[in-house]
Amino acid sequence: MASKYPPSLRIHLPALILVYETCFILIFYFFVLYDRERDLDIYPAFQDVSVMVCFGFGFFLAFLRRYSFSSTGFGLLLTALGVQWAVIMDGFLFHFSHGKVKISLQSILTAIMSIPTVLISAGAVLGKANPIQLIFMAMMEVTIFTTNRWIAVGILQVPNHLSMMYVHVFGTYFGLMIAWWLYHPSLSQKAEKENTKPVSRLFAMLGTLFLWMFWPSFNSVLIDVGHKSVTIYNTYFAIASSTVAAFALSVATNKDGKFSMAQIHNATLAGGVAIGFSASSIQQPWIAMTLGLLAGSISILGSVFLQKCLNTSLRIHDTCGVHTTFGLPSLFGGIAHIILTLADHWGSSNQSHWGYMALMELGALSLSIVLSLVAGLVTGFLLVSKLWKASHVTKYFDDQAYWEFPHLAIGY
Amino acid sequence: MASKYPPSLRIHLPALILVYETCFILIFYFFVLYDRERDLDIYPAFQDVSVMVCFGFGFFLAFLRRYSFSSTGFGLLLTALGVQWAVIMDGFLFHFSHGKVKISLQSILTAIMSIPTVLISAGAVLGKANPIQLIFMAMMEVTIFTTNRWIAVGILQVPNHLSMMYVHVFGTYFGLMIAWWLYHPSLSQKAEKENTKPVSRLFAMLGTLFLWMFWPSFNSVLIDVGHKSVTIYNTYFAIASSTVAAFALSVATNKDGKFSMAQIHNATLAGGVAIGFSASSIQQPWIAMTLGLLAGSISILGSVFLQKCLNTSLRIHDTCGVHTTFGLPSLFGGIAHIILTLADHWGSSNQSHWGYMALMELGALSLSIVLSLVAGLVTGFLLVSKLWKASHVTKYFDDQAYWEFPHLAIGY
Amino acid sequence: MASKYPPSLRIHLPALILVYETCFILIFYFFVLYDRERDLDIYPAFQDVSVMVCFGFGFFLAFLRRYSFSSTGFGLLLTALGVQWAVIMDGFLFHFSHGKVKISLQSILTAIMSIPTVLISAGAVLGKANPIQLIFMAMMEVTIFTTNRWIAVGILQVPNHLSMMYVHVFGTYFGLMIAWWLYHPSLSQKAEKENTKPVSRLFAMLGTLFLWMFWPSFNSVLIDVGHKSVTIYNTYFAIASSTVAAFALSVATNKDGKFSMAQIHNATLAGGVAIGFSASSIQQPWIAMTLGLLAGSISILGSVFLQKCLNTSLRIHDTCGVHTTFGLPSLFGGIAHIILTLADHWGSSNQSHWGYMALMELGALSLSIVLSLVAGLVTGFLLVSKLWKASHVTKYFDDQAYWEFPHLAIGY
């Protein structure tokens with residue numbers, strides 16, 4: 001019989017973290033220099049994105065009734081570690097010359113924008129992985145995702161800002177694969193601890209709103225000045241209409257005609273996710289609005305019809321529903337962008353050029369999916385090893401396994 | 001006897017929302033183009049205002065003990081729908097040429113800045129109107145408010161940024177008229193559900209603080225560069241001194257000498273509201289501070305002496321106290337600006353010009369009040385129709401009428 | 001026997017506040033003018049700092065189970081009053097000419113950046129001082145701190161941005177001295193009311209995260225454009241690695257191998273505090289990371305080993321642990337900067353110049369400590385007078401002493 005007490009992380013966790021941090025410092029010591037650029041124009045948008053990643057995602061995941069400390073705390077830890085590693089990975093793959101890596105605000109921005117992969121995956125395994133497992137997962141994921149971007153940009157010639165938009169789809173399928181490894185039959189029944197409570201949902205609302213408001217910054221920050229404003233408009237209209245779709249379909253699919261806060265949180269963001277690929281190229285707002293409306297609908301319908309089947313048939317327990325929040329809308333957005341690219345240039349003089357571009361992009365999207373699935377499978381396989389002192393399933397979804405409370409917080 | 005169960009919104013609500021959204025998409029398809037300007041200087045302030053509207057107002061209204069989901073959720077829905085409609089209305093009235101409407105960041109900004117009317121009105125009827133009623137109210141209000149702005153700018157020649165400052169007074173009186181229609185004798189006694197609880201007040205504090213901090217952006221974002229900094233300073237000093245007045249008078253008017261958090265929330269913002277009209281023209285900080293001090297005092301004294309009388313004598317139940325937060329301070333600020341304009345140019349060479357300006361402004365202020373009262377009366381009359389499936393009064397102030405909860409959340 | 005009811009503040013508090021505000025308005029009337037500069041480049045960073053001070057610090061202190069209203073509410077009041085006074089003090093000492101003080105966005109920014117001294121001190125005496133005492137403390141502290149800055153800049157020739165970084169160390173030791181005066185033997189045992197509860201900790205997490213994310217803005221906003229980007233990078237890396245250290249050592253020093261949320265909140269910020277002095281001059285990221293790692297470690301170890309001793313031996317009860325959050329890391333950062341300055345220029349041609357600079361800086365740091373200790377002692381001595389209607393110790397840590405609740409909120 002497994003122990004009822006979660007294994008103490010007192011030695012392993014600090015050792016792991018400090019080894020990582022020491023390695024980072026050593027790598028920075030030998031290889032990393034500051035680029036002395038002075039261009040701070042993007043700093044406000046940089047801060048918007050930083051707020052989304054550090055605060056928005058953390059609180060977006062704070063909806064479980066007994067797991068808010070872990071959602072927000074581990075989010076911060078993963079961000080702090082992940083950003084440093086992402087700066088290194090991005091530096092070596094994209095900015096390495098003469099034996100040195102030069103980093104700028106752009107490098108840190110790129111690193112921060114890679115972290116949503118980790119936090120989306122953390123959403124899929126929320127409550128089931130301990131911090132040691134999460135950290136290892138984060139390191140693996142940042143590595144593979146940056147490699148994926150490098151292949152997309154370097155080999156498939158996908159534009160840089162587009163390569164970053166695979167965060168959502170990558171994070172989702174990577175996380176789902178790990179959730180598959182961490183599956184336990186008892187998860188087919190929703191445990192009491194897996195429920196939410198109103199105050200936790202309000203904290204999640206906080207996170208959702210900050211993601212919602214700053215999504216135009218996320219989609220536009222890497223776009224060059226000439227297309228930035230259009231990107232902002234399109235993202236704004238898409239996320240507004242996906243919000244409308246979320247509210248409409250949430251009521252329509254509920255047998256009592258009531259809203260589900262969980263669905264609202266997830267589906268309001270779908271428009272921002274889906275428009276990511278095409279926000280800089282769409283020239284008419286109605287297209288953005290239509291994409292947003294469809295993305296919101298797909299997200300709600302996915303959560304109603306697909307979510308359960310994922311859990312029972314495929315034995316994948318997706319705690320936060322990242323598949324319908326980020327996975328499906330992003331897939332839809334990726335395909336929509338390819339279709340829009342083809343449609344825009346159909347019959348134009350350089351039709352074959354754009355056909356090639358669309359093909360490359362389809363390749364990059366497929367690559368992201370395949371790579372995330374394979375890497376997720378491998379990482380998940382490594383994560384079920386005894387080495388990681390995984391929590392027993394009875395300790396899932398419980399802050400008390402990892403956090404000190406004054407008394408055993410019964411009422412909590 | 002009325003049913004104890006709130007009527008299901010399953011068909012009506014999605015139908016209404018989706019019809020609106022479809023109309024928006026069609027209008028955008030036929031009439032709306034992007035302006036290809038590249039001027040993104042105002043983007044950071046745009047985001048500040050967006051945070052105020054999407055997050056600040058929503059959480060500002062989250063203070064009821066059992067109504068936080070609706071406050072924040074419906075706030076988001078009204079914003080998402082209202083912004084699209086406001087872009088259209090503003091486009092047709094202000095930017096229509098050659099059969100097309102060209103929109104820019106400025107258009108979306110203007111649209112977002114019109115939404116506080118809706119959210120202020122929603123504060124007056126908080127807990128009493130169902131989402132269908134709120135959506136219809138929002139559409140009516142955005143239409144009339146934009147028309148009001150168009151008359152003020154086009155006919156009365158009030159500057160554009162000034163015409164936007166009528167949001168507060170317009171939203172208040174529009175909302176109060178609807179509250180009058182939705183009045184029920186049982187509202188004269190404060191129901192248990194109408195109370196707040198500490199954690200809800202803290203969420204409301206969050207919203208209040210974000211409104212407070214970004215108010216300088218709200219007042220200055222439409223001002224031209226030459227007067228922007230002065231606007232920021234004046235708003236900052238006015239809101240700081242109204243905060244001081246709020247704390248002082250809240251204690252002084254309480255029989256136990258204690259602070260009332262509700263009063264603090266409402267009156268701290270009064271300075272920002274009141275200074276809105278004159279922030280760009282005041283040249284000495286002490287005037288801004290004095291206005292702020294007076295606005296904060298008016299707000300507190302209004303809530304102590306006027307609020308009850310509004311409820312019992314006029315049968316207007318103002319849930320959030322928007323009359324003392326936005327209505328009175330804005331009225332005060334509008335009149336103060338007219339007096340300051342006259343005083344500044346008294347005896348100057350073009351005294352008659354400024355007298356005319358002041359007269360026009362008085363006309364615009366009166367117009368806003370009259371139009372909001374009349375439009376509110378008409379909208380309220382339409383809203384009490386059976387068509388809207390209004391909630392029974394026993395379901396007022398209760399999230400469970402509209403939101404799904406895992407179990408019937410008794411303790412909630 | 002002392003009264004069980006806290007003394008009513010109904011007369012004293014409004015009188016004190018309104019006298020202050022009236023004085024401010026009079027001083028502004030006679031002496032203060034707006035500078036008509038139009039340079040609003042720093043406005044976004046100004047808003048970041050404003051969010052940190054108005055919102056971040058207030059919610060950072062919201063962790064006590066029954067004291068969240070006071071933490072956030074009094075924080076706002078102290079900010080509103082303190083900023084106005086700080087503008088005046090800074091104006092007279094730094095910008096006084098021809099009998100007038102000219103203020104600009106920079107003046108308001110400087111004033112806001114001085115407020116953390118007050119809020120840090122408020123953290124040390126959290127729950128023990130009533131609002132009247134806090135306001136008097138704030139006025140004293142702003143006065144002395146601005147004087148301290150003036151001596152540092154004017155006499156010791158420390159750069160302006162550096163002189164601002166003494167906020168942390170100044171606020172800490174000033175606050176600790178006052179905490180010493182307010183000590184009561186019953187504080188040696190942790191009262192039930194002094195505990196936290198999960199939801200309060202989450203609100204504190206909100207505040208912490210906003211401090212964390214915007215710390216690069218705090219450290220860089222006063223730096224000239226040429227060194228701004230380096231300052232941002234260094235702060236970012238330092239605060240990330242102190243977060244890593246905080247998580248690692250929090251687990252390592254806990255006998256059950258669990259995280260302590262209190263330690264996480266305090267130590268994650270240590271890197272930003274410590275790097276404040278040297279962020280603009282460090283040219284290699286690994287140095288910033290190492291400083292951050294050490295600062296985080298010092299903060300955690302201080303809270304484990306030093307905190308208790310401070311309470312029992314020195315009879316200083318530091319409610320929020322500001323000594324380990326701000327005091328120690330800032331001391332460490334100040335000394336580190338002096339050492340780095342010397343090491344950087346060791347053997348260089350103008351070694352003696354830099355030696356002199358380092359000496360001056362050592363002087364300024366010592367001055368800040370001595371001045372904060374002496375001023376804190378004097379202020380604390382004045383604060384224990386009966387005049388201030390201090391709360392009885394049984395009313396410590398309790399919102400109900402100052403805030404109105406609908407019923408006596410038992411469950412609260």
Side-chain angles (χ1 to χ4, degrees), chain A residues 7-11 13-18 20-21 24-29 32-40 43-44 46-47 50-51 54-55 58-59 62 68-69 72-73 76-77 79-81 83-84 87 103-105 108 131 199 203 206 399-407 409 412, chain C residues 44-45 47-48 190 195-199 201-203 205-206 208-210 212-214 216-217 220 225-226 228-230 232-234 236-237 239-264 268 283-290 293:
Chain A
S8 170
L9 310 173
R10 190 168 178 187
I11 308 298
L13 181 65
L16 179 75
I17 297 180
L18 292 177
Y20 272 128
E21 185 65 34
F24 295 161
I25 293 181
L26 288 175
I27 297 174
F28 271 82
Y29 176 72
V32 181
L33 292 178
Y34 286 142
D35 195 356
R36 299 201 56 77
E37 49 122 39
R38 296 173 182 204
D39 185 17
L40 286 172
Y43 186 63
F46 169 91
Q47 279 293 10
S50 177
V51 168
C54 303
F55 166 74
F59 274 80
S68 312
F69 279 23
T72 57
L76 182 60
L77 175 60
T79 305
L81 274 170
V83 163
Q84 298 177 60
V87 166
I103 60 172
S104 61
L105 194 59
I108 305 180
V199 74
F203 279 111
L206 268 180
D399 273 344
Q400 299 199 23
Y402 309 119
W403 297 87
E404 191 189 34
F405 286 89
H407 316 284
Y412 172 44
Chain C
Q47 278 293 9
D48 290 353
K190 202 165 191 175
N195 278 322
T196 182
K197 61 180 173 184
V199 74
R201 269 286 159 215
L202 274 178
F203 279 111
M205 186 72 175
L206 268 180
T208 310
L209 278 176
F210 273 86
W212 196 91
M213 296 182 298
F214 291 147
S217 299
S220 71
V225 175
K228 218 184 258 281
S229 53
V230 166
I232 292 168
Y233 310 156
N234 281 322
Y236 201 90
F237 286 119
I239 208 164
S241 63
S242 77
T243 304
V244 170
F247 277 88
L249 289 181
S250 180
V251 163
T253 58
N254 180 284
K255 67 180 182 342
D256 300 320
K258 295 185 177 182
F259 299 104
S260 149
M261 194 48 117
Q263 287 179 335
I264 298 295
T268 45
Q283 298 303 328
Q284 282 125 333
W286 71 271
I287 303 179
M289 293 161 79
T290 309
L293 198 69

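Throughout, a chain's letter reflects where its sequence line sits, starting with A, and its residues are numbered from 1.
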Notebook entry, point to check: Among N254(C), T268(C), T208(C), T243(C), which residue forms the greatest number of heavy-atom pairs with chain A at distances under 4.5 Å?
Noted result: N254(C)
Note to self: Given heavy-atom pairs under 4.5 angstrom as the criterion, report whether the side chain, backbone, both or neither of L13(A) touches chain C.
What the structure shows: side chain
Margin query: Is the ring pair Y233(C)/Y34(A) parallel, tilted or perpendicular, if the boundaries are 30 and 60 degrees?
Written below: tilted
Margin query: Need one label for I108(A): side chain, backbone, both or neither, based on atoms under 4.5 Å from any heavy atom in chain C.
Written below: side chain
Next item on the list: Check each atom of F203(A) against the heavy atoms of chain C and say whether the ones under 4.5 Å are side chain, backbone, both or neither.
Entry: side chain
Next item on the list: Could you look at V83(A) and say if it's the side chain, the backbone, both or neither that has a heavy atom under 4.5 Å from chain C?
Entry: side chain
Notebook entry, point to check: Of the backbone (N, CA, C, O) and the side chain (C-beta and beyond), which part of L26(A) lies under 4.5 Å from a heavy atom of chain C, both, or neither?
Noted result: neither
Item checked: Selection from I287(C), T196(C), I239(C), L206(C) maximising heavy-atom pairs under 4.5 Å formed with chain A -> L206(C)
Checklist line | Interface residue of largest heavy-atom contact number with chain A, from A262(C), P285(C), P44(C), A288(C), under 4.5 Å | finding: P285(C)
Notebook entry, point to check: Considering only heavy atoms, which portion of F59(A) lies under 4.5 Å from any heavy atom of chain C: side chain, backbone, both, or neither?
Noted result: side chain
Note to self: Classify the ring geometry of W403(A) against F69(A): parallel below 30°, tilted from 30° to 60°, perpendicular beyond 60°.
What the structure shows: perpendicular
Margin query: Quick check for you: among Q263(C), R201(C), K255(C), which has the greatest number of heavy-atom pairs under 4.5 Å with chain A?
Written below: K255(C)
